[in-house]
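Remember, predicted model here, so these are calculated numbers, not experimental data.
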Amino acid sequence: MAAQIQYDDVEVGTELPAASFPVTRATLVRYAGASGDFNPIHWNEKFAKEVGLPDVIAHGMFTMAEAVRVVTDWVGDPGAVVEYGVRFTKPVVVPNDDRGALIEVTAKVAAKLDGNRVRVDLTAMSAGQKVLGMSRAVVALA
């Protein structure tokens, strides 16, 4: 695959299409199995509350991965993301109901860099709170 977005077609301030990602307890169980992260704060409500959390929370790496999908969907090639980092600021609380939680992600091009690369800044929100801080990806464009 190769990036489908042309460097010359992108300006600072270009907004990427926003996306929302639902998270349920079943999602967390599947992610725990795939990642090998079976920490009970991600599936056991009683344990999560005993350690001071409001409820079961999504895995940080899961939240991070869902957020960067906005970038990979936009560029058309996951391999075009050459750097990505975040700070975990608030947990995504996932109630045990039919709706679960929602991670809402917006992103925009913050800088044009050398070598046909751009820096994309992301904002990830859940339940009205910013769940990732300093969320930035460097993307190689065509």
Side-chain angles (χ1 to χ4, degrees), residues 1-45 47-49 51-142:
M1 297 177 87
Q4 298 173 2
I5 304 294
Q6 299 292 317
Y7 180 81
D8 292 334
D9 294 339
V10 175
E11 298 299 328
V12 170
T14 298
E15 293 185 10
L16 283 60
S20 297
F21 305 100
V23 186
T24 64
R25 296 281 178 96
T27 308
L28 300 182
V29 170
R30 286 191 299 274
Y31 182 81
S35 69
D37 182 351
F38 293 100
N39 187 325
I41 64 172
H42 303 303
W43 58 270
N44 184 317
E45 186 173 328
F47 182 85
K49 289 181 176 181
V51 299
L53 295 168
D55 207 330
V56 165
I57 63 170
H59 304 72
M61 295 302 285
F62 172 81
T63 303
M64 186 178 177
E66 289 292 85
V68 81
R69 287 176 56 190
V70 167
V71 177
T72 60
D73 289 351
W74 171 70
V75 75
D77 177 11
V81 177
V82 296
E83 292 179 33
Y84 179 48
V86 306
R87 289 193 180 153
F88 301 107
T89 57
K90 298 279 184 190
V92 174
V93 178
V94 182
N96 190 20
D97 59 19
D98 294 337
R99 292 171 291 148
L102 193 63
I103 301 169
E104 300 171 286
V105 183
T106 59
K108 67 179 176 179
V109 175
K112 292 186 84 168
L113 309 171
D114 294 335
N116 284 9
R117 297 175 306 134
V118 296
R119 189 187 89 218
V120 176
D121 291 353
L122 298 93
T123 300
M125 307 282 292
S126 184
Q129 295 191 320
K130 192 173 182 181
V131 295
L132 299 176
M134 300 294 291
S135 184
R136 296 179 173 170
V138 175
V139 184
L141 301 180

Could you report the tightest heavy-atom contact between [X] and [Y], atom names first, then the distance?
X	Y	value
Pro17	Val70	O-CG1, 3.4 Å
Ser126	Ala101	OG-CB, 4.2 Å
Val94	Gly100	CG1-CA, 4.3 Å
Val82	Arg117	CG2-CD, 4.5 Å
Met64	Gly85	CE-CA, 4.2 Å
Ile57	Pro91	CG2-CB, 3.6 Å

Audit row: Val92, Phe62, side-chain contact (heavy atoms from CB on, under 4.5 Å) steps and yes/no: CA-CA 10 Å; Val92 174; Phe62 172 81; over 6 Å; no

Phe88 side chain near Met61 side chain, heavy-atom distance below 4.5 Å: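 They are in contact (side-chain heavy atoms under 4.5 Å apart), so the answer is yes.
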
Heavy-atom side-chain proximity of Val118 to Leu141 below 4.5 angstrom: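 Yes. Closest side-chain heavy atoms under 4.5 Å.
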
Calculate, to the nearest 0.5 Å, the distance between atoms [atom1] and [atom2] belonging to [X] and [Y] respectively.
X	Y	atom1	atom2	answer
Lys108	Leu16	NZ	CG	11.5 Å
Glu83	Arg136	CD	CZ	11.0 Å
Thr24	Arg99	OG1	CZ	12.5 Å
Leu53	Asn44	CG	CG	11.5 Å
Asp55	Glu45	CG	CD	4.0 Å
Ile5	Asn116	CD1	CG	13.0 Å

Partner residues of Arg87 under the salt bridge (Lys or Arg N to Asp or Glu O under 4.0 Å) criterion, sequence neighbours left out: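 Partners of Arg87 by the salt bridge (Lys or Arg N to Asp or Glu O under 4.0 Å) criterion come out as none, since no residue qualifies.
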
For Arg30, all residues meeting salt bridge (Lys or Arg N to Asp or Glu O under 4.0 Å), sequence neighbours excluded: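 In terms of salt bridge (Lys or Arg N to Asp or Glu O under 4.0 Å), with neighbours along the sequence ignored, Arg30 is linked to no residue.
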
side-chain contact (heavy atoms from CB on, under 4.5 Å) evaluation trace for Val12 with Lys112: CA-CA 7 Å; Val12 170; Lys112 292 186 84 168; 4.2 Å; yes

Has [X] got a side-chain atom pairing as donor or acceptor with [Y]'s backbone, closer than 3.5 angstrom?
X	Y	result
Thr89	Val131	yes
Thr14	Val109	no
Tyr7	Leu113	yes
Lys90	Met125	no
Arg69	Glu66	no
Trp43	Phe38	yes
Tyr31	Ala58	no

Intermediate values then yes/no, side-chain contact (heavy atoms from CB on, under 4.5 Å), Leu122 and Leu132: CA-CA 8 Å; Leu122 298 93; Leu132 299 176; over 6 Å; no

Test side-chain contact (heavy atoms from CB on, under 4.5 Å) applied to Phe21 and Leu102, step by step: CA-CA 6 Å; Phe21 305 100; Leu102 193 63; 5.7 Å; no

His42: ring pair (Phe, Tyr, Trp, His ring centres under 6.0 Å) partners, not counting sequence neighbours: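 Testing His42 for ring pair (Phe, Tyr, Trp, His ring centres under 6.0 Å), a comparison that skips the adjacent residues, returns His59.
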
